[in-house]
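These notes concern the structure reproduced below.
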Amino acid sequence: MKQFEYTIQDPLGIHARPAGMLAKLAKSFGDTVVTLSKDGNTVKASQLMKIMAMGIKNGHTITIAAEGPAEDEAIAAMQKFLEENL
Amino acid sequence: MLLLQGKGVSKGVINGPIYFFRRPDTNVNKVHAEDLEAEKARLAEAQAKSIEQLERLAEKCREEAGDEAAVLFETHAMFVEDDDYVETIMDTLADEECNVEFAVQQAGEQFAAMFAAMDDAYMQARAADIRDVTTRILNNLMGVIEGGVDSDVPVILAADDLAPSETLQLDKTKILGFVTAGGSGNSHTAILARTMGIPAICALGDALKPELEGRIAYIDGETGKIALDPDEITLTAFEAKLKKQKELKELLQTMKGQKDVTLDGREMMVYCNIGSPEDVAAVLNNDGQGIGLFRSEFLYLRASDYPTEEEQFQAYKAVASAMGGKRVVIRTLDIGADKQVDYFEMKKEENPALGVRAIRICLNRPEVFRTQLRALYRASAYGKVAIMFPMITSVWEVKECKRACAKVMAELDKEGIPYNADTEIGIMIETPASVFVADALAKEVDFFSVGTNDLTQYTLACDRQANDLGKFFDPHHPAVLRALKMATDAAHAAGIWIGICGELGADLSMLETFLAIGIDELSVSPSSVLPLRAQIRKSIAKTCTLEKLES
């Protein structure tokens with residue numbers, strides 16, 4: 001398993017649009033499972049509604065983890081996405 | 001040949017196939033399902049259809065309004081496929097062995113409630129998105145047609161009558177004209193038809209049989225006649241009229257860009273009445289000089305819950321900026337009477353036209369009023385917005401409205417949100433009471449606008465919705481015209497302008513009387529602007545008389 005931490009820069013936090021894009025991306029790694037955690041709560045990063053329900057705001061720190069055959073690729077892609085969009 | 005006779009309520013002739021509006025049953029009942037696999041297959045089909053619709057909407061939005069608006073629909077498409085949402089639906093299906101409609105509705109409610117309970121205004125507002133997506137899937141499951149018309153070619157839409165919320169959802173590009181069994185010249189179908197500039201015939205009664213579906217009809221919105229399988233004479237007459245209509249339309253195009261001024265130099269402001277931001281295109285196409293009545297009800301009628309400040313602000317801003325620096329008079333919430341909205345949970349009234357409606361609701365529910373006023377003032381930074389209050393009867397009401405405005409402006413100052421502090425405030429003159437105290441009211445506001453339908457209703461004690469009052473409901477009645485004169489004299493004595501935003505404004509036979517009374521503005525359906533302009537440019541104001549006020 002690989003993981004990294006990221007602090008949200010977007011003033012709106014993780015709102016609907018990036019949450020949707022993030023969920024779509026997280027789904028694209030086949031058997032590799034990508035998760036998102038905040039304050040001890042962990043959800044699959046492909047679960048759009050659950051991510052939104054976490055109410056992640058500007059300044060919050062989240063942990064992204066990936067486990068499976070494509071974990072390196074997934075971590076790199078997620079990192080890039082977060083930096084560019086959130 | 002089959003001839004039907006109704007009441008023509010919007011002029012014009014057209015021919016096309018008759019299509020009956022299907023009023024869907026959108027009540028979801030829980031039913032035991034035998035074959036759960038079949039239910040799942042129905043869900044998959046409805047999901048695919050929903051996503052296809054949303055992608056089309058996103059594409060259309062991207063072309064017309066840009067990326068930001070399109071993303072909303074793309075997010076909706078993601079909701080449709082979301083794992084959690086679908087899983088919840090599947091769980092309900094398996095546990096309850098029920099129809100998929102019930103499972104979808106349950107899941108929608110569950111997620112909407114979850115978002116509504118979050119302590120973040122942005123996330124709370126997403127509850128509406130979930131409901132919207134859920135409704136879309138349900139509509140596709142239950143075969144509800146988006147836009148109301150499932151036809152490749154434009155049709156003549158037939159119905160018993162259409163409710164305001166139904167007219168708003170219609171795909172207007174697919175409608176050539178309206179024919180209804182019930183309704184009257186003041187019904188919402190008639191108003192919509194006049195806005196669109198297409199023919200409408202109402203009060204056809206039982207003659208409008210469902211068997212007519214698909215038959216080619218020749219309708220005349222002036223005479224109220226419908227012909228099916230017309231004989232040669234009728235057909236020739238119809239075609240001649242169609243040709244004349246086309247020529248007249250071309251002739252009226254020459255009126256574009258001309259001033260609304262009489263031969264002796266009296267200027268009239270010719271504005272438009274609109275019911276939603278989409279109507280602005282018609283205003284600009286017909287060269288309207290402003291908007292004299294923007295009915296804000298569409299925001300409330302379209303929704304299943306109170307529209308937010310942001311939603312309202314976006315709608316008002318869109319209209320104000322699209323009109324450039326031209327005046328946009330926005331009327332505050334005017335529901336009650338014939339326009340009911342479920343979530344307001346109004347008590348049933350014996351006499352809704354005399355009940356808690358319009359400004360009375362706003363003054364009773366300061367929060368609803370405040371939300372709308374904030375949205376209006378915020379929009380005032382983006383164009384020439386004017387605010388108009390409906391159903392005024394007393395000076396104290398106006399004072400209370402102005403206090404509410406002052407409070408909102410103070411809030412915006414504090415929050416550093418821009419607005420125009422000189423936003424004009426006006427009132428509707430539509431009750432006899434407002435005419436009797438017009439001199440006192442005029443001192444409080446920047447303009448008057450006369451709603452002739454309601455003024456006629458209240459002055460003559462005639463229910464404007466009632467079909468059989470016929471000759472008794474007479475907007476040309478001297479009492480109504482004298483009321484108009486009294487209000488005009490009071491307005492001018494106080495140095496403010498007065499307009500008419502009721503249907504009477506477009507009545508060309510009344511133009512001379514309006515000029516004689518001294519009306520400053522006429523706000524009419526967009527399609528009436530050019531004919532009215534042509535008439536104004538032929539008139540001589542100083543020779544107009546008040547003879548219609550006598551007798």
Side-chain angles (χ1 to χ4, degrees), chain A residues 7-62 64-68 70 74 77-78 81-82 84-86, chain B residues 47 50-51 54-55 58 61-62 65-92 104 106-134 137 308 310-311:
Chain A
T7 302
I8 303 299
Q9 310 294 325
D10 191 297
L12 283 171
I14 302 192
H15 49 286
R17 177 194 186 184
M21 286 155 61
L22 185 130
K24 207 170 170 181
L25 178 66
K27 238 188 250 186
S28 67
F29 303 106
D31 292 338
T32 303
V33 178
V34 183
T35 60
L36 184 157
S37 319
K38 190 196 136 227
D39 302 336
N41 291 326
T42 300
V43 299
K44 284 189 194 163
S46 56
Q47 292 173 303
L48 172 58
M49 303 253 190
K50 288 223 171 92
I51 294 175
M52 288 178 65
M54 291 173 97
I56 300 164
K57 300 196 176 90
N58 174 270
H60 287 178
T61 299
I62 57 169
I64 299 284
E67 185 156 14
M78 293 300 285
F81 173 83
L82 287 169
E84 281 173 5
N85 294 284
L86 283 161
Chain B
Q47 279 177 297
S50 302
I51 289 170
L54 287 163
E55 280 171 354
C61 232
R62 182 155 286 131
D67 234 17
E68 281 298 313
V71 167
L72 173 72
F73 294 115
E74 285 171 352
T75 311
H76 279 197
M78 289 180 198
F79 282 149
V80 173
E81 288 187 295
D82 179 61
D83 289 351
D84 287 336
Y85 184 68
V86 176
E87 206 171 287
T88 309
I89 297 171
M90 292 301 178
D91 286 350
T92 311
V104 169
Q106 291 287 320
E109 283 303 317
Q110 190 179 322
F111 282 100
M114 182 186 88
F115 279 108
M118 285 175 73
D119 104 46
D120 173 322
Y122 171 80
M123 288 296 167
Q124 282 166 10
R126 302 283 71 72
D129 291 309
I130 305 286
R131 290 204 186 95
D132 200 1
V133 168
T134 303
I137 300 177
T308 62
E310 189 63 25
E311 282 165 353

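- In this structure, the portions of A:Ala53 lying under 4.5 Å from any heavy atom of chain B include both its backbone and its side chain.
- Enclosure of atom NZ in A:Lys27 by more than 12 non-hydrogen atoms of other residues, nucleotides or ligands within 6.0 angstrom is indicated.
- When only modelled atom types and interatomic distance are considered, A:Gln47 and B:Asp83 share no side-chain donor-acceptor pair under 3.5 Å.
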>> With side-chain contact (heavy atoms from CB on, under 4.5 Å) as the criterion, how do A:Met52 and B:Phe79 come out once you've worked through the C-alpha distance, each side chain's angles and the decisive distance to 0.1 Å?
In response: CA-CA 11 Å; A:Met52 288 178 65; B:Phe79 282 149; 3.8 Å; yes
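- Using a 4.5 Å cut-off between heavy atoms, A:Ile51 makes no contact with chain B at all.
- Of all the listed residues (B:Met78, B:Glu87, B:Glu74), the one sharing the greatest number of non-hydrogen pairs under 4.5 Å with chain A is B:Met78.
- Using a 4.5 Å cut-off between heavy atoms, A:Lys24 contacts chain B through its side chain alone, with no backbone atom that close.
- Annotation for B:Met114 and A:Met49: closest pair CE-O, 3.9 Å, computed over non-hydrogen atoms.
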